[in-house]
Chemist: 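Structure in structure tokens, see below.
One-based numbering along the sequence shown.
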Amino acid sequence: MKKLVSGIVVVLVLAAAGFTGAAYWSGMQAQRWYEEALAEGAKNPSVKFSTVSYQRGLFSSQSVTRIQFAMPEGSPGADADPSFSIRQDIYHGPLPLAGRGITGVPMQWTGAVVRAVLEPDSSVWTRELAKAYGNQPPVVAISNIGFDGSSSTHIAMPPLTLDNVDEIQTLKFSGLQGQFQVAPKATAVQGSMTVASLEALGKPVAASEGQTASSGAQVNLRDLSLNVNQRQGAFDLLFGESSFKISELSARDQNAGAPFLINNLNVSGSLTPQGSQQVAAEMVIKAGKVTVDQQSGEGSFKLALRNLDGATVSQLQQWQQKFAANPNDPQMFDELLKLMKTLLNGKPEFLIDSQAKLAQGDWQGQLTLNFQSLGEINPLLDPSGLMKALEKGAADVTASKPLVEALLMSAAKETALALAQEQSSASDDATLQSMAAQQVAQQLQGLTAAGLIKLDGNSYKSSARFEGGKLFVNGQEIPLMAGADQTTTEGGEALLESDTAKEPASQQ
């Protein structure tokens with residue numbers, strides 16, 4: 001019996017020693033994963049990650065990481081520092097016993113579990129956010145780190161309700177939920193984030209000298225979602241699609257009329273392989289309904305770049321990182337010029353497709369530009385040589401007659417009103433309407449006479465083509481700069497000869 005008990009004790013001691021050793025190894029691995037994550041984050045030139053502190057223990061570790069954003073001088077928000085810090089509690093595997101009792105920390109075999117929260121005193125906005133949430137952390141991210149370095153992260157923000165706080169009269173936030181999976185060394189990212197609703201109402205603004213009182217602005221948001229599905233492929237580029245959706249977004253000043261409203265907004269972007277050497281990028285914006293200043297409609301906008309040399313795109317990303325670190329280096333522009341020349345060798349294609357359905361009518365426009373190699377041209381010495389990069393182009397626009405006239409009328413009325421105010425002359429709406437209508441009629445007549453637009457039924461149409469250095473609009477050649485100068489010179493010489501011929505013989 002004593003031998004049996006002794007054997008059990010030995011097994012327990014070995015198991016404890018083995019578990020302790022595994023926890024120590026996991027702690028070392030966790031620190032390595034942390035350092036790799038920082039190195040991966042350093043590839044983004046707009047964000048800088050730095051370690052404030054890292055304290056590694058046997059069964060758990062603690063770290064504080066500073067996140068700083070590179071804001072260009074003069075940009076909105078450049079004066080206000082948005083940087084902040086996060087605190088991470090790292091529970092070592094293979095079983096994160098140090099995290100037992102912590103909400104959200106799973107008790108399962110894993111490499112490590114990381115619980116990250118905002119450092120409340122790391123910035124002005126984190127202090128305000130912590131104050132609003134009281135005793136609970138505003139944001140909690142729990143990552144389950146696999147033995148291979150992969151991770152599964154759940155991000156959550158609790159619901160929040162505020163009344164009469166600073167400039168906010170009422171705020172109702174449903175909370176945020178997100179789930180992301182990242183492959184080892186960030187070779188793939190997949191996940192989503194959702195917000196069910198956000199309602200905010202600002203406090204009324206009291207009347208001041210020369211101004212009337214106004215009620216608070218109101219913002220409403222419904223069903224926001226972000227989806228990411230990207231995987232590393234050729235040239236170390238992340239291929240796949242990301243999308244951003246909102247079922248309803250409205251903003252309104254209570255003293256104004258109709259609110260700004262967007263329904264079923266969908267923004268998506270993708271990068272896909274195109275053959276073995278090239279890639280294609282695309283961005284699409286769709287809106288089920290947009291309402292602005294009592295005008296409403298639906299539409300879509302698509303931008304695409306094709307025939308992009310994959311290796312050069314990867315080098316452009318590296319150049320962006322170098323430029324962010326050395327923005328004043330004069331060599332940066334030379335490197336960019338070389339990369340752009342290489343990109344043009346692949347004959348890239350640029351496309352824009354836009355469509356809209358409005359109350360006054362429909363709009364449809366397409367633009368395609370095909371580029372070619374610049375050859376030995378140096379744009380620094382000959383900027384006009386950049387035009388040679390455009391091999392050919394095509395543009396087609398169709399817009400309903402009522403829509404074109406309504407847009408031109410609105411612009412003409414604003415111009416007439418500004419002119420009347422400048423001249424301190426009183427003009428009623430009927431007079432402004434008449435002046436605008438006359439101006440619009442003259443504009444459309446001039447454009448039609450010049451052949452720049454055509455009236456086809458109830459729609460205005462225009463078609464432009466550029467190829468071989470020549471531009472045609474609706475089949476009519478439009479002289480470019482050099483041609484226009486030559487025409488002017490020839491016309492001036494002809495006019496001079498004509499005037500000379502009319503002079504008396506005694507004056508010749």
Side-chain angles (χ1 to χ4, degrees), residues 43 45-46 72 233-239 269-283 301-354 365-397 462-473 475-489:
K43 295 180 180 180
S46 301
F235 318 110
D236 290 331
L237 295 174
L238 282 176
F239 296 104
S270 65
L271 183 68
T272 56
Q274 186 181 346
S276 60
Q277 300 298 323
Q278 296 182 323
V279 299
E282 185 175 289
M283 182 185 71
F301 177 87
K302 175 182 175 181
L303 186 152
L305 288 166
R306 298 171 182 164
N307 305 336
L308 301 176
D309 182 71
T312 306
V313 172
S314 179
Q315 291 172 14
L316 281 169
Q317 291 184 348
Q318 298 172 18
W319 176 89
Q320 185 183 13
Q321 297 167 20
K322 290 171 60 179
F323 178 76
N326 302 284
N328 298 320
D329 188 348
Q331 296 296 324
M332 289 291 97
F333 186 79
D334 292 337
E335 291 183 17
L336 177 62
L337 183 59
K338 291 178 182 178
L339 290 173
M340 294 306 299
K341 280 189 171 183
T342 305
L343 197 67
L344 289 172
N345 290 339
K347 294 193 172 184
E349 186 178 61
F350 174 80
L351 300 97
I352 290 180
D353 190 329
S354 61
Q366 295 88 29
L367 170 68
T368 304
L369 300 177
N370 295 93
F371 296 91
Q372 62 185 353
S373 173
L374 272 175
E376 299 301 322
I377 293 175
N378 187 341
L380 294 178
L381 301 177
D382 182 17
S384 63
L386 286 173
M387 282 296 298
K388 295 183 179 179
L390 181 60
E391 180 183 18
K392 59 182 179 178
D396 296 281
V397 177
S462 184
S463 177
R465 298 289 182 271
F466 175 84
E467 191 167 3
K470 295 183 179 181
L471 174 65
F472 296 86
V473 177
Q476 174 182 330
E477 184 175 359
I478 305 297
L480 298 178
M481 186 63 67
D485 292 343
Q486 183 179 358
T487 302
T488 302
T489 303

Chemist: If we ignore hydrogens and angles and just use 3.5 Å, is the side chain of Ser314 paired with the main-chain N or O of Gly310 as donor and acceptor?
Modeler: no
Chemist: Under the side chain to side chain donor-acceptor pair (under 3.5 Å) test, which residues partner Gln277, sequence neighbours left out?
Modeler: none
Chemist: Could you work out, with side-chain contact (heavy atoms from CB on, under 4.5 Å) as the rule, every residue matching Leu238, not counting sequence neighbours?
Modeler: Gln230, Gln232
Chemist: Can you see which heavy atom on Lys322 is nearest to which on Glu335, and at what distance?
Modeler: NZ-OE1, 3.1 Å
Chemist: Please report the shortest heavy-atom distance between Gln315 and Leu339, naming the atom on each side.
Modeler: OE1-CD2, 3.1 Å
Chemist: Glu391: what forms a salt bridge (Lys or Arg N to Asp or Glu O under 4.0 Å) with it, not counting sequence neighbours?
Modeler: Lys347
Chemist: Measuring only between side-chain heavy atoms, which start at C-beta, is Met340 closer than 4.5 Å to Leu374?
Modeler: no
Chemist: How far does CG of Leu343 sit from CZ of Phe371, to the nearest 0.5 angstrom?
Modeler: 10.0 Å
Chemist: Drop me the distance from Ile478's CD1 to Arg465's CZ, to the nearest 0.5 angstrom.
Modeler: 14.0 Å
Chemist: What are the two closest non-hydrogen atoms of Ser354 and Phe301, and how far apart are they?
Modeler: CB-CD1, 4.2 Å
Chemist: How long is the straight-line distance from CG of Leu390 back to CG of Leu344, given to the nearest 0.5 Å?
Modeler: 10.5 Å
Chemist: Would Thr368 and Glu349 count as a side chain to side chain contact (heavy atoms under 4.5 Å, CB included) here? Give the steps.
Modeler: CA-CA 7 Å; Thr368 304; Glu349 186 178 61; 3.7 Å; yes
Chemist: Who pairs with Glu477 by side chain to side chain donor-acceptor pair (under 3.5 Å), at least two apart in sequence or on another chain?
Modeler: none
Chemist: Just to verify, which of Thr312, Leu305, Leu271, Thr272 counts as forming a side chain to side chain contact (heavy atoms under 4.5 Å, CB included) with Val279?
Modeler: Leu271
Chemist: Which distance, rounded to the nearest 0.5 Å, do you find between the CD of Gln278 and the CG of Asn307?
Modeler: 4.5 Å
Chemist: Tell me the closest heavy-atom pair linking Leu369 and Gly393, and the distance in Å.
Modeler: CD2-CA, 4.0 Å
Chemist: Excluding sequence neighbours, so at least two apart, what forms side chain to side chain donor-acceptor pair (under 3.5 Å) with Ser373?
Modeler: Asn345
Chemist: State, yes or no, whether a side-chain contact exists between Phe323 and Asp329 at a heavy-atom distance under 4.5 Å.
Modeler: no
Chemist: Within this structure, what is the CD-CZ distance for the pair Glu282 and Arg306, rounded to the nearest 0.5 Å?
Modeler: 7.0 Å
Chemist: Taking side-chain contact (heavy atoms from CB on, under 4.5 Å) as the test, write out the residues that go with Ala395, two or more places apart.
Modeler: Leu367, Ala464
Chemist: Measure the spacing between CD of Gln320 and CE of Met332 and express it to the nearest 0.5 Å.
Modeler: 12.0 Å
